[in-house]
Structures are given as C-alpha cells and as structure tokens.
Amino acid sequence: MYNPNLVEQNLVIIPPARPKFTPGDWNLNNRTKNVFSVNQQTLSDRIICESKRLIDETKYTTEYNKSESDYRLKERIGDIKFLQEEITKQKKDALVEEEALKVYKQRTIDAINTLREIVIPLCQKCIILRETRNGVELVEDEVDKELRKELDVINGAIQLLQKLMDESVEQLRRLRATIYLLDRDLANKEKSVQIDEKNVEMRHNQMGLKVYDGNVPLDPYNNTDPEWIANTNLNIQNTAKEIACAQTLRSYIEQIFKQAAEDIRQQVERTKELFLKRIAEMRYTKIKLENVHKETVRQVNEMTRNVTDLEKEIAEKEGYVALAQMRMANRAHRPGIELCIDNVYRSLKRELASLRETIARLDGMLVQSKATLRYLLNTQVMQEDEINSKTAALRIDEVDCMTLRESLNFQNF
C-alpha cells in the first residue's frame, strides 16, 4: 500500500539484479576473443605481405607502362618532326617553283604587252603610211601582203601567249592550294609536337595534377596511324605532282617563247627583204624616169629654141615679102610704055610666090613645133608628178617605214 511518508524518508533504491555469467562463460569469452584477435593479426599480416607484393608489382608495371608511354611519345615526336622536315622541304621546292612560274607569267604578260602596245601599232602605222601613197603608187604589192601577214602572225602569237598566261594562272592557283594544305599540315603537326612535348615533360607527382574531369572525351579518334601517314604522303605527292606540272609548263612556255619569237622574226625579215626589194625597184624606176625627164627637159628647151627660130625666120620672111611687094608697088608707077612686064616683074613675081610658099611651110612647121612643145611640156609635168609620187612613196618606205621597223630587232621574249 502506498505510503506517502516514504518519500520523506532517506532511502536507497537498489535496481534489480542483472543476469550474470558463469566462470565458464568468462573463460570461453576470453578464448574466443583471443582466437579472433590472433586470426585478425594473421589476416593483417597476410594482407600487409600481399599489399607489399602488389605495391612492388604495380610499381614496376606502372613505371614500365610510363616508360613505354614516354618512349612512344618521343618516338611519335620524332616521326612528326621527320614528316615536318619532309613537308618543309617539299614546301620550299613548291615556293621556289611558284616564284619561277611567277617570273614566266610576268614574262608572258610583258611579251603580250610588247606585241600589243609596240609591235602591232608599229606594223599598223606602216600600213597606214603606205595608204597615203598617191596615184598608181598606191599599189597592193608584196610588201602590203607581207605586212598584213605580219599582223596575222603577231595576233596568233598573242592568242597563244594569252592561253599560256591563263594556264600559268591556273597552275599557280593549284600550287598555292597544295602549299596551303602543306602549311595546314605543318601547323597541325607543330601543335601535336607541342602537345606531346608537354606530355613528355609532365610528371605524376607535379603540382596541380589531378584526375581528368574535362568535357572532351579521352578517345576522340576517328582515323588510324596509317591513315595519318597516308594523308601527309598524299599532300607531299600532290605537291610534287603540281611542281612537276609547273616545271613542264615552264618548259613549254620557254619553247613557245622561242617559237613565237622565231616566227615573228622570220616574218619581219621577210617583210624587210620585200621592203628593200621594193625600195630598190622604186629607186631604179625613179632614176630611170629622172633620166627620161632630163631628156624631155632638153627636148623642151630645144623645141622652144626651134619655135623661136621659126618665128624669127617667119618674121624675116615677112620683111622680104614686104620688100618685094613694095618694089612691085613702086614699079607700078612707071609711066607710059615703061609699065611693061619685064624680067624684073617676073623675078619679083617668082620671089613673092616663093616667099609666100616658104612662109606657109614655116607657119606649118611652127604650128607643129608648138603642138609638139605643148606635148613635151605636158609630158614633162606628167613626169615630174610621177617623180614626185615615186619620191614620196620611196620616202614612205625607205625613211618612214624602215626607220620605224628598226625597233623590231628582238631575239626573244
């Protein structure tokens, strides 16, 4: 029964007794714990030994693998640098060939400009000058034909050189394309060398090194090592092929230069020969005509003197007529029987008749002489016009055209 007075009393509450083990339980527990401890120690010793063995084994494997990776990295760097040297050598050859082809391209442009701006205008000017010849001198002779043929030869050479220039431009473009691929390949390989050299310098215990946790996958590879080598070899082979094509093109351009220059030179020489032949022919004809003109002038002078002599002679004969008539008129005043037909009358009559016949003949000869003189003067004028025309034509060919054509003396483009 609850007694409220117990609360006020100083009492000790004893908990209920716990269950207790027996000595046997105590001994068994000790033995069990001892066996467990020994087993754990044995396991620990075994694990420690196994760990040391594993450490030694993995350390060797790790070092071997790292050494293998270092060796492969250095080997890869060597392979890349070898290909870099090959690419650089091929690029150098390509650049040399590019510069050489540029020189040939410029030579082609200069040759075209020379033909268009100097040779063709000069040839055309010769044709235009020869069109200014007068009269019958404006003849379509062999020189005219050869000058026009010369234009055809020059225009043909220009068309061929223009085609070569277009081929040079295309070949330069292809060379630059291969050089661009080599440059890109060199840049990629240089970057690869830098990356691999950095990898070679890296150590496992360097500061800041940690397990990679980037976004780029660790194996983003899409081609094999043979494909890598084949790509570089293909770039080198394509460059070598374009270099060979450029060299062939330069050789062909050089041949065309020589052939075109030779064709033009032969045509220029042919035209020059015909010019000289025509000049000699005109000079001979002019000299011959001048000689004829001298003879005509001489005859004009003689005919002029002859007309003067005839007129003088007619004038004198008219004096004789007047004398005879005056005598007859005076004798008509004789007186008486004195006015008879005597020998004097008959003589004066015959003299007067003879004078009239002589004057008529002299008048006829004077008319014929004056007509001949007019013909001679017309002939002289015609000859002088002809000489002037030939002189002008000779000056055009010998002085104007031949002086202009002296600058056509070239050996090659």
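This is a predicted model, so every value here is computed, not measured.
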Scan side-chain atoms only and decide if [X] and [Y] contain a donor-acceptor pair under the 3.5 Å cut-off.
X: Glu150; Y: Thr271; result: yes
X: Thr42; Y: Asp45; result: no
X: Gln106; Y: Asp110; result: yes
X: Asn306; Y: Ser369; result: yes
X: Glu227; Y: Asn231; result: no
X: Thr232; Y: Asp185; result: yes
X: Gln266; Y: Glu262; result: yes

Do side-chain atoms of [X] reach the backbone of [Y] as a donor and acceptor pair under 3.5 angstrom?
X: Thr58; Y: Ile55; value: yes
X: Thr304; Y: Val300; value: yes
X: Gln267; Y: Glu146; value: yes
X: Asn188; Y: Arg184; value: yes
X: Ser354; Y: Arg350; value: no
X: Ser37; Y: Lys33; value: yes
X: Arg133; Y: Val139; value: yes
X: Asn65; Y: Thr61; value: yes
X: Arg334; Y: Glu338; value: yes

Next item on the list: Carefully, step by step, assess Asp93 and Glu97 under the rule side-chain contact (heavy atoms from CB on, under 4.5 Å).
Entry: CA-CA 6 Å; Asp93 294 340; Glu97 187 58 35; over 6 Å; no
Next item on the list: Output, in order, the C-alpha distance, side-chain angles, deciding distance and verdict of side-chain contact (heavy atoms from CB on, under 4.5 Å) for Leu175 and Ile243.
Entry: CA-CA 7 Å; Leu175 262 178; Ile243 290 175; 4.2 Å; yes
Exercise: identify the closest heavy-atom pair between [X] and [Y]:
X: Arg176; Y: Lys102; answer: NH2-CE, 3.4 Å
X: Leu172; Y: Lys105; answer: CD1-CD, 3.8 Å
X: Arg405; Y: Val268; answer: NH2-O, 3.6 Å
X: Leu373; Y: Met303; answer: CB-CG, 3.7 Å
X: Leu352; Y: Ala324; answer: CD1-CB, 4.2 Å
X: Gln171; Y: Cys245; answer: OE1-CB, 3.6 Å

Item checked: Partner of Glu50 under side chain to side chain donor-acceptor pair (under 3.5 Å), chosen from Arg46, Arg53, Lys52 ->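 Going through Arg46, Arg53, Lys52 one by one, the side chain to side chain donor-acceptor pair (under 3.5 Å) with Glu50 is satisfied by Arg53 alone.
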Any [X] side-chain heavy atom under 4.5 Å of [Y] side chain:
X: Leu366; Y: Val307; result: yes
X: Leu377; Y: Thr296; result: no
X: Glu167; Y: Leu164; result: yes
X: Leu394; Y: Lys390; result: no
X: Ile256; Y: Leu161; result: yes
X: Lys349; Y: Ile341; result: no
X: Leu147; Y: Arg130; result: yes

Next item on the list: Check the pair Glu63 / Lys59 against salt bridge (charged side-chain N to carboxylate O under 4.0 Å, His left out), numbers first and verdict last.
Entry: CA-CA 6 Å; Glu63 291 296 331; Lys59 183 177 182 180; over 6 Å; no
For the atom pair [atom1] ([X]) and [atom2] ([Y]), what is the distance rounded to the nearest 0.5 Å?
X: Glu318; Y: Glu313; atom1: CD; atom2: CD; value: 11.0 Å
X: Leu182; Y: Thr88; atom1: CG; atom2: OG1; value: 9.0 Å
X: Ile158; Y: Gln162; atom1: CD1; atom2: CD; value: 9.0 Å
X: Asp363; Y: Glu311; atom1: CG; atom2: CD; value: 10.0 Å

Item checked: Cationic tip of Arg107 above Tyr104 ring, under 6.0 Å, 45° of axis ->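 Yes; both conditions hold, so Arg107 lies above the ring face of Tyr104.
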Note to self: If you apply the rule salt bridge (charged side-chain N to carboxylate O under 4.0 Å, His left out), what do you find for Lys66 with Asp70, and how did you get there?
What the structure shows: CA-CA 6 Å; Lys66 181 180 179 301; Asp70 290 342; 2.8 Å; yes
Notebook entry, point to check: Can Asp400 and Lys125 be counted as an ion pair, charged N to O under 4.0 angstrom?
Noted result: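 Result for this pair is no, no salt bridge flagged.
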Margin query: Quick test of your reading of the model: are Lys286 and Glu290 salt-bridged, counting only N-O distances below 4.0 Å?
Written below: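 So Lys286 pairs with Glu290 through a salt bridge.
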Note to self: What verdict does the salt bridge (charged side-chain N to carboxylate O under 4.0 Å, His left out) test give for Arg265 and Glu269, after you've listed the backbone C-alpha separation in whole Å, the side-chain angles of each residue and the deciding distance to 0.1 Å?
What the structure shows: CA-CA 6 Å; Arg265 184 163 51 249; Glu269 289 297 325; over 6 Å; no
Next item on the list: Give the intermediate values and the outcome of side-chain contact (heavy atoms from CB on, under 4.5 Å) for residues Met282 and Thr285.
Entry: CA-CA 5 Å; Met282 285 193 295; Thr285 304; 5.7 Å; no
Next item on the list: Check the pair Asp397 / Arg278 against salt bridge (charged side-chain N to carboxylate O under 4.0 Å, His left out), numbers first and verdict last.
Entry: CA-CA 8 Å; Asp397 283 355; Arg278 181 62 175 169; 5.1 Å; no
Notebook entry, point to check: When you look at Leu181 and Thr239, which way does the side-chain contact (heavy atoms from CB on, under 4.5 Å) test go after all the steps?
Noted result: CA-CA 9 Å; Leu181 293 177; Thr239 305; over 6 Å; no
Check: Do Gln380 and Glu384 pass the side chain to side chain donor-acceptor pair (under 3.5 Å) test, and can you show the C-alpha distance, the side-chain angles, and the key distance before you say yes or no?
Finding: CA-CA 6 Å; Gln380 180 183 348; Glu384 289 173 352; 3.1 Å; yes
